[in-house]
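I have placed the structure first, in the form of structure tokens, so that the comments after it can refer back to it.
Start at 1 and go down the list; that is how both ligands and their atoms are numbered. Please read these numbers as outputs of a predicted model, since none were measured by experiment.
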Amino acid sequence: MPLPVIGRFAPSPTGELHFGSLVAAVGSYLEAKSRGGRWLLRIEDIDPPREVAGSAERIIADLQRLGMEPDGPVLFQSQRLKSYQQAIRHLLARELAYPCACTRKDLPESGIYPGTCRTGIAAGKQPRSMRFKLADEICEFDDRVQGRVMDCPADSSGDFIIRRADGLYAYQLAVVVDDAFQGITEVVRGADLLDSTARQVCLQKALGLPTPKYMHLPVVVRADDRKLSKREQADPVKHQDPTHAVARALAFLGHQAPSACSLQALWDWALEHWDRQLIPRSRSVQYPI
Ligand code: GLU
């Protein structure tokens, strides 16, 4: 029997909900709910220096106003630190993680970690971060929008950080632990995270966790090709009429909804007509904001 579908939206509370994150919310919601599945919300609040006070509450309220209600309590990653620590212990016990003494200036310009501390820290140096020891193998998966992806993280990123020098857990580790914890079967998110996925699949294997299905939506770019960031405050969704905002996100995802209907009627239409084949198969799409 196929697993019940469980999707999620996992924003970092670093600013207002903007059009780019709304697209990920709408896509993940419809992909789960149109198949009778559940949709969960996870606030990825594990990087306090980047967070904006009140942002998590505002994102939660915006989603509700837009008609997206999670099917369960909101999970806050700041409450999950013990699980991340446990995952690191599991990796250390299997010699799949190691402490690293390198600072940013020790790394090559490419950003690809050359494995300096893999076999131990040089005399006189102090451990700073923790890295995951990658096997030299190719990871392949079928992305539901972007198609077949092949990546060898050992070459494209090198052993990557799972706990930072400032003691904070890295996104790559936390996302993998929590997608499994929440039983997520479908990860729908922006294509800016496509290059992280192979690393996440490697971590899942090392931790004995299942690999969900992946679907990376094109990211919204402005005419000058820059991705919209929350910090740029590109027209926060909270200033827009909810029906209009959802209809625009649907249009970006290739779905032309009937105009002049209520928010409820729009969602009813979207749940009935959602078809992932209509989503543009590219990593980014220019869109007037
Ligand atoms: N928290 C990440 C962000 O806001 C998304 C993580 C994910 O969907 O895997 O960009």
Side-chain angles (χ1 to χ4, degrees), residues 6-32 39-52 55-60 62-63 68 70 74-81 84 87 141 143-146 149 151 153 157 160-162 164 168-204 207 209-221 226-234 236-237 249 253 283-284:
I6 306 181
R8 49 72 156 181
F9 176 51
S12 306
T14 52
E16 304 291 330
L17 192 72
H18 62 88
F19 186 65
S21 43
L22 174 64
V23 165
V26 168
S28 61
Y29 181 87
L30 287 170
E31 188 59 23
W39 180 74
L40 302 177
L41 178 58
R42 179 168 80 231
I43 299 291
E44 300 208 321
D45 54 347
I46 43 161
D47 192 353
R50 285 186 56 230
E51 285 157 23
V52 173
S55 154
E57 293 71 23
R58 286 197 293 276
I59 291 173
I60 294 168
D62 278 344
L63 291 169
M68 285 175 276
V74 179
L75 186 71
F76 288 83
Q77 287 195 320
S78 55
Q79 306 296 311
R80 301 266 308 137
L81 305 186
Y84 311 144
F141 59 94
D143 188 272
R144 286 182 155 161
V145 167
Q146 307 293 334
V149 176
D151 186 10
S157 73
F160 58 89
I161 288 182
I162 48 179
R164 300 173 2 183
L168 297 175
Y169 293 99
Y171 156 69
Q172 307 291 359
L173 179 79
V175 74
V176 160
V177 170
D178 285 342
D179 280 339
F181 175 69
Q182 292 186 288
I184 303 301
T185 61
E186 322 280 322
V187 169
V188 179
R189 59 188 177 191
D192 50 326
L193 292 166
L194 189 58
D195 293 336
S196 288
T197 307
R199 276 175 274 166
Q200 294 172 16
V201 172
C202 292
L203 260 182
Q204 286 153 1
L207 290 166
L209 302 174
T211 292
K213 300 261 187 297
Y214 285 100
M215 178 160 147
H216 286 86
L217 306 172
V219 294
V220 184
V221 291
R226 275 196 303 137
K227 182 195 157 200
L228 291 181
S229 78
K230 280 182 219 173
R231 255 164 294 150
E232 284 177 282
Q233 290 319 325
V237 168
L253 292 169
R283 284 192 180 216
S284 65

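- Closest approach of A198 and D151 over heavy atoms only: CB-OD2, 3.5 Å.
- Each of the atoms 1 (N), 4 (O) of ligand 1 lies under 4.0 Å from some heavy atom of P11.
- Around atom 9 (O) of ligand 1, the closest heavy atom drawn from Q200, Q172, R189, H216 belongs to R189.
- Counting heavy atoms under 4.0 Å from ligand 1, residue S12 touches it through both backbone and side chain.
- A donor-acceptor pair is defined here as one N or O able to donate and one able to accept, closer than 3.5 Å; such a pair exists between the side chain of T185 and the backbone of I6.
- Using a cut-off of 4.0 Å between Lys/Arg side-chain N and Asp/Glu carboxylate O, R50 and D45 are scored as not salt-bridged.
- A side-chain N or O of Q172 and one of S196 form a donor-acceptor pair less than 3.5 Å apart.
- The aromatic ring centroids of F9 and Y29 lie 6.0 Å or more from each other.
- Atom numbering of ligand 1 starts at 1 in the shown order; those under 4.0 Å from a heavy atom of V175 are 9 (O).
- Distances below 4.0 Å separate heavy atoms of R8 from the following atoms of ligand 1: 7 (C), 8 (O), 9 (O).
- Residues T197 and R189 form a side-chain contact, since some pair of their non-hydrogen atoms from C-beta on lies under 4.5 Å apart.
- Relative to the ring axis of F76, R42 does not place its NZ or CZ within 45° and under 6.0 Å from the centre.
- The ligand atoms of ligand 1 that sit less than 4.0 angstrom from a heavy atom of E44 are 1 (N), 2 (C), 5 (C), 6 (C).
- Here L193 has side-chain heavy atoms under 4.0 Å from ligand 1, and that is the only part of it that gets that close.
- The N/O atoms of A10, backbone and side chain alike, include one that comes under 3.5 Å of an N/O atom in ligand 1.
- Heavy-atom distances between Y171 and ligand 1 reach below 4.0 Å in at least one pair.
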